[in-house]
Novice: 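Encoded as structure tokens, here's the structure I'll be asking about.
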Amino acid sequence: MLRISAKDGRWDLLNEVEEISGQNLYACYQCGKCAAGCPLSFGMDLLPYQVIRLLQLGQGQAALEAKSIWLCVGCLTCATRCPKAVDPARVMEALRTILLRSGQVPAGMVLLPADVIAQVPQQASVAALRKLTL
């Protein structure tokens, strides 16, 4: 259960993500342009703006459980399309960092189904291995 910070009344996880990523998550107004350009959106359970929305609403546990944060390759297409200069790739990286620091690496993340692996760009495979070997 996430607790509200006494400092500013916002959720602790949101504060931590903003601190690690350097992003203002409240700048995102859910336009969806990040998802429209994402080369891996077809395989995501939650699109980048949906992950950010969960954080905005204080539903951080749901954001941390999203497989999308492990699929993001950090290609920055989302950041170039954002009209508010939010970088969802940095947010995804921050969420991965939080999970890795706490020792919570999702079981089976490397063992993706063969049909997904066949569609994933090589950059995604390299990025996934980098994420799991920090």
Side-chain angles (χ1 to χ4, degrees):
M1 176 76 181
L2 297 173
R3 288 171 278 151
I4 295 177
S5 169
K7 178 180 166 188
D8 62 6
R10 295 195 311 172
W11 295 93
D12 290 334
L13 181 61
L14 184 132
N15 288 333
E16 188 173 359
V17 170
E18 285 186 338
E19 183 178 323
I20 293 170
S21 69
Q23 302 300 300
N24 174 6
L25 299 186
Y26 285 111
C28 177
Y29 60 86
Q30 313 299 300
C31 70
K33 289 184 180 183
C34 56
C38 179
L40 291 176
S41 63
F42 70 89
M44 293 184 169
D45 54 347
L46 294 173
L47 298 171
Y49 69 90
Q50 293 172 321
V51 172
I52 291 172
R53 186 64 177 157
L54 288 173
L55 293 167
Q56 290 172 341
L57 295 174
Q59 298 176 7
Q61 191 59 42
L64 288 170
E65 292 171 358
K67 292 180 180 156
S68 303
I69 65 176
W70 298 98
L71 292 177
C72 173
V73 295
C75 67
L76 304 177
T77 303
C78 53
T80 60
R81 292 175 178 244
C82 181
K84 299 294 281 180
V86 176
D87 187 342
R90 291 181 80 181
V91 172
M92 300 291 202
E93 183 71 27
L95 289 168
R96 287 191 298 264
T97 299
I98 290 166
L99 287 171
L100 289 170
R101 284 179 181 171
S102 67
Q104 299 178 42
V105 178
M109 260 321 196
V110 178
L111 305 173
L112 295 172
D115 59 327
V116 172
I117 292 173
Q119 295 178 9
V120 172
Q122 185 177 11
Q123 179 184 5
S125 301
V126 172
L129 289 174
R130 180 185 60 80
K131 292 171 201 165
L132 295 175
T133 58
L134 291 176

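Side chains are part of it too, since the values below use all heavy atoms of this structure and drop only hydrogens, waters and symmetry mates.
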Novice: Kindly compute the distance separating OG (Ser41) from CG (Leu71), expressed to the nearest 0.5 Å.
Specialist: 10.5 Å

Novice: Can you confirm whether Tyr26 sits close enough to Leu14 that some side-chain heavy atom of one is under 4.5 Å from a side-chain heavy atom of the other?
Specialist: yes

Novice: At what distance, to the nearest 0.5 angstrom, does CD of Gln61 lie from CG of Leu54?
Specialist: 11.0 Å

Novice: I'd like to know if the side chain of Glu93 and the backbone of Ser21 have a donor-acceptor N/O pair within less than 3.5 Å.
Specialist: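 No, Glu93 side chain to Ser21 backbone: no donor-acceptor pair under 3.5 Å.
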
Novice: Can you see which heavy atom on Arg96 is nearest to which on Ile69, and at what distance?
Specialist: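 So the minimum-distance heavy-atom pair works out to NH1-O, 2.5 Å.
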
Novice: Quick one: do the Arg53 and Gln50 side chains pair a donor with an acceptor below 3.5 Å?
Specialist: no

Novice: As an exercise, state the distance from CD1 of Ile52 to CG of Leu47, rounded to the nearest 0.5 Å.
Specialist: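 One finds 11.0 Å between CD1 of Ile52 and CG of Leu47.
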
Novice: Could you report the tightest heavy-atom contact between Ala27 and Val86, atom names first, then the distance?
Specialist: CB-CG2, 3.7 Å

Novice: Rounded to the nearest 0.5 Å, what separation is found between the CG atom of Leu99 and the CD atom of Glu65?
Specialist: 9.5 Å

Novice: Just so I know, are the side chains of Asp87 and Val91 near enough to count as touching, which here means a heavy-atom distance under 4.5 Å?
Specialist: no

Novice: Examine distances only and state if a side-chain atom of Gln23 and a backbone atom of Pro88 form a donor-acceptor pair shorter than 3.5 Å.
Specialist: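 Such a contact is absent between Gln23 side chain and Pro88 backbone.
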
Novice: Within the distance-only criterion (no hydrogens, no angle test), does the side chain of Ser68 pair as donor or acceptor with the backbone N or O of Asp45 below 3.5 angstrom?
Specialist: yes

Novice: Considering all heavy atoms of both residues, which atom of Ala89 and which atom of Cys78 are nearest to each other, and what is their separation?
Specialist: N-SG, 3.6 Å

Novice: Taking all non-hydrogen atoms of both residues into account, name the closest pair between Met92 and Pro48 and its distance.
Specialist: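 What the structure gives for the nearest pair is CE-CA, 3.7 Å.
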
Novice: When rounded to the nearest 0.5 angstrom, what is the spacing between CG in Leu95 and CD in Glu16?
Specialist: 9.5 Å

Novice: Could you report the tightest heavy-atom contact between Gly60 and Leu13, atom names first, then the distance?
Specialist: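 Where Gly60 meets Leu13 most closely, the heavy atoms are CA-CD2, 3.4 Å.
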
Novice: Working to the nearest 0.5 Å, report the span between SG of Cys38 and CE of Met44.
Specialist: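 So the gap between those two atoms works out to 3.5 Å.
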
